[in-house]
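Have a look at the structure below, then the notes.
Since the structure is predicted, the reported quantities are computational estimates derived from the model, not experimental observations.
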Amino acid sequence: MRSGHISIWFFIGVLLTVYGAMIFGDGVFDLATGHVPTVILANLHAPVWWGGLLLVLGLFYGIRFRPGRNG
Amino acid sequence: MFGLVSAPVTGGFVGSLPSLLAFSAGPLARLSPLDIAVIAIYFAMVIWIGFYLKKQANTSEEFFMAGREMTAWIAGLSFVSANLGSLELMGWAGSAYQYGILAAHWYWVGAIPAMLFLGMVMMPFYYVCKTHSVPGYLKLRYGPGASIVSAFSFAFMTVLMSGVNMFAMAEVMKVVLGWDLNFSIIVSSLAVAAYVALGGLRSAIFNEVLQFMLIWGGALLVPILGLVEAGGWDGLKAKIAHNVQSGLVPPGDYTHMWRSMGHFSDNPMGIHWTGIVFGLGFAISFGYWTTDFLVVQRVLAAKNLRSARMAPVIGSFFKMGVPFIVILPGLLGLVVLQNPDGSLMHLVGQNLATPGSGLHSYNEVLPLMMVRYMAPGLLGLGITALIAGFMSGMAGNVSAFSAVWTYDIYKPLIVKSARDEHYVTVGRWATILGVIISIGTAYMVMSAAGIMDYVQALFSFFISPLLGVVLMGMFWKRATRQAGFWGLLIGTLTSIGLYAWVKVDPSAVRYVAFSPLAQALAQDMYRALWSVTVTVIVTFVVSLFTKPKPLAELDGVVYGATKIPKEDPVPIYKNEWLWAALAIVLFLGLNIYFW
């Protein structure tokens with residue numbers, strides 16, 4: 001699916017990286033400021049670990065399939 | 001897709017949309033600036049992909065078949081994603097709330113055997129004959145008669161379904177977020193028209209893979225947090241049992257799939273196991289997954305035969321996982337959703353969830369669960385997942401329409417011989433035309449929502465007969481040109497006739513579905529079974545009295561007359577038969593575990 005051009009996995013990597021950074025950053029900000037979102041299980045800080053997971057996955061795909069890199 | 005009384009379906013087409021769209025009160029969610037940024041970035045990304053891929057869609061092979069260079073993973077994920085619309089996510093979550101884990105049949109027995117059959121048995125013929133579409137295969141096998149009938153019915157249905165999808169998305173966005181209907185329709189249709197018209201099938205496939213990742217990334221958090229709150233699967237089962245015993249939840253077996261299938265009256269769906277196995281598991285499921293060009297087109301874009309066979313196998317694993325983001329949230333809703341006063345929330349049918357009633361309908365369970373658990377940013381991701389699902393449904397229909405219009409209607413009937421660039425241009429304009437017709441359909445549905453019930457029925461009329469003629473043509477050398485045409489026509493008329501019979505005389509259901517207790521869902525299954533049976537019989541009988549095609553003309557399209565190319569050996573872990581066997585084991589294991 002690279003087809004000699006930019007891979008779809010790179011696009012996915014970019015999107016997940018941006019989303020992960022935004023959500024993770026907001027979660028960390030809430031954690032640091034003590035702000036608690038009005039949702040159930042807010043004490044689990046889902047934005048931090050879910051956003052972090054998206055960020056890691058995004059960086060992996062973004063780097064692994066960056067343009068110009070074979071494979 | 002397979003019709004359901006209150007939900008969309010496994011196949012990506014819609015069950016009873018009015019019920020899905022019948023939401024109760026005002027917006028369920030308020031988006032933060034972070035949520036809106038998440039949604040805006042998604043739209044920017046899909047348009048970027050469309051513009052980027054435009055330069056890779058210059059020839060008809062590139063525009064309509066994505067250059068036939070997709071890997072098994074891309075084709076497989078696209079194959080599943082084209083079917084994973086938001087109506088399906090929300091509708092089946094609502095059905096799980098209403099009927100329990102029975103709804104998972106549409107993901108397992110109603111999909112997995114057919115997907116594996118497509119990959120391991122049928123794909124070689126579709127792929128070797130290099131057809132551009134399923135009507136194209138019928139032309140090679142039976143000649144233009146059956147192909148033209150199939151092409152027109154398919155083209156008609158795709159733009160209709162695309163419009164229904166568009167309207168449904170706008171309606172859901174209005175209810176969940178309070179967005180204006182016109183705004184949602186215009187924005188979504190412009191985005192889909194742009195990225196499909198620019199990049200063709202490759203762009204549609206790229207976006208479907210992107211949308212697939214978003215759907216999982218946006219929706220998986222709901223069951224994870226829901227299970228934490230409910231105390232795991234065992235805790236969920238115990239809480240459901242407690243709620244049933246104390247009368248908080250209607251009586252029924254919500255956590256077992258087969259135990260209540262012995263009789264029509266033993267389960268709330270009014271289904272017997274024969275209907276599930278033969279009607280859903282064969283007639284409907286095989287019809288959709290092996291002959292609906294919307295999904296088959298994704299696999300035809302694979303780069304070689306092994307990838308084309310592997311794609312549905314890969315897709316089957318993800319399909320088996322979808323109930324965890326669809327069915328599980330519905331079940332969790334039975335125990336965790338609460339009213340503001342802390343009492344258990346009771347979702348109701350759409351007829352009761354009227355504006356001002358303060359009640360929510362079954363189909364709101366997934367948005368309600370999202371709002372329950374998802375903080376700013378995550379909620380935007382969840383909403384983006386729903387939007388992505390809607391757009392993949394629209395794009396899938398429009399790209400398939402474009403290919404069938406150009407290859408199976410325009411080329412054989414209007415301009416038979418022209419330069420390749422001409423057909424690419426026609427394809428691009430067909431994409432835009434498809435979107436415009438879809439918008440018209442969306443507004444038509446808006447003015448008469450009852451139309452959607454008939455759209456669902458229309459779709460079911462064509463799929464099962466198509467399965468009958470494709471199977472007979474692919475596996476019986478004797479099937480003739482005339483038999484294909486008459487089999488398709490009479491099979492379709494049978495389905496229409498049975499539908500009309502029950503509409504006129506509801507008591508006829510005891511003949512059509514073998515029980516007066518059979519609900520609409522069960523009726524769909526038995527009607528499909530009748531239709532495919534009649535198609536096969538007609539095709540068989542007409543073939544006996546007509547002249548078959550010479551064997552030499554059947555090369556590449558019929559079992560026994562086709563030499564399947566040998567593929568290079570691969571390590572065992574890359575062998576498609578191994579993975580198909582593992583898929584079967586997992587499929588059986590899931591059914592036994594949740595028996």
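- B:S399 and B:R298 form a side-chain donor-acceptor contact under 3.5 Å, judged by distance and modelled atom types alone.
- To the nearest 0.5 Å, atoms CD1 (A:I8) and CG (B:N207) are separated by 7.0 Å.
- Of the residues considered (B:A72, B:G217, B:A37), B:G217 shows the highest number of contacts with chain A, using heavy-atom pairs under 4.5 Å.
- The candidate with the highest count of non-hydrogen atom pairs below 4.5 Å against chain B, out of A:L41, A:I40, A:I23, A:L54, is A:I40.
- Heavy-atom distances place no part of B:V336 under 4.5 Å from chain A, backbone and side chain included.
- Interface remark: A:L53 contributes no atoms to any contact with chain B (heavy atom separation under 4.5 Å).
- If you measure heavy-atom distances from B:L379 to chain A, you find no contacts under 4.5 Å at all.
- Summarising the geometry, atom CD1 belonging to A:I6 is positioned 9.0 Å from atom CG belonging to B:L53; distances are rounded to the nearest 0.5 Å.
- With a threshold of 4.5 angstrom between heavy atoms, B:S307 does not approach chain A through any atom at all.
- The CH2 atom of B:W216 sits 13.0 Å away from atom CG of B:L221, with the distance rounded to the nearest 0.5 Å.
- For the residue pair B:S78/B:E208, the side-chain donor-acceptor check at 3.5 Å is satisfied.
- In this structure, the portion of B:I224 lying under 4.5 Å from any heavy atom of chain A is its side chain and not its backbone.
- Heavy-atom distances place both the backbone and the side chain of A:F11 under 4.5 Å from chain B.
- In this structure, the portion of B:L381 lying under 4.5 Å from any heavy atom of chain A is its side chain and not its backbone.
- Below 30°, between 30° and 60°, or above 60°: for A:Y61 and A:W9 the angle between ring planes is below 30°, a parallel geometry.
- Applying the 6.0 Å contact sphere to NZ of B:K55 captures more than 12 heavy atoms from other residues, nucleotides or ligands.
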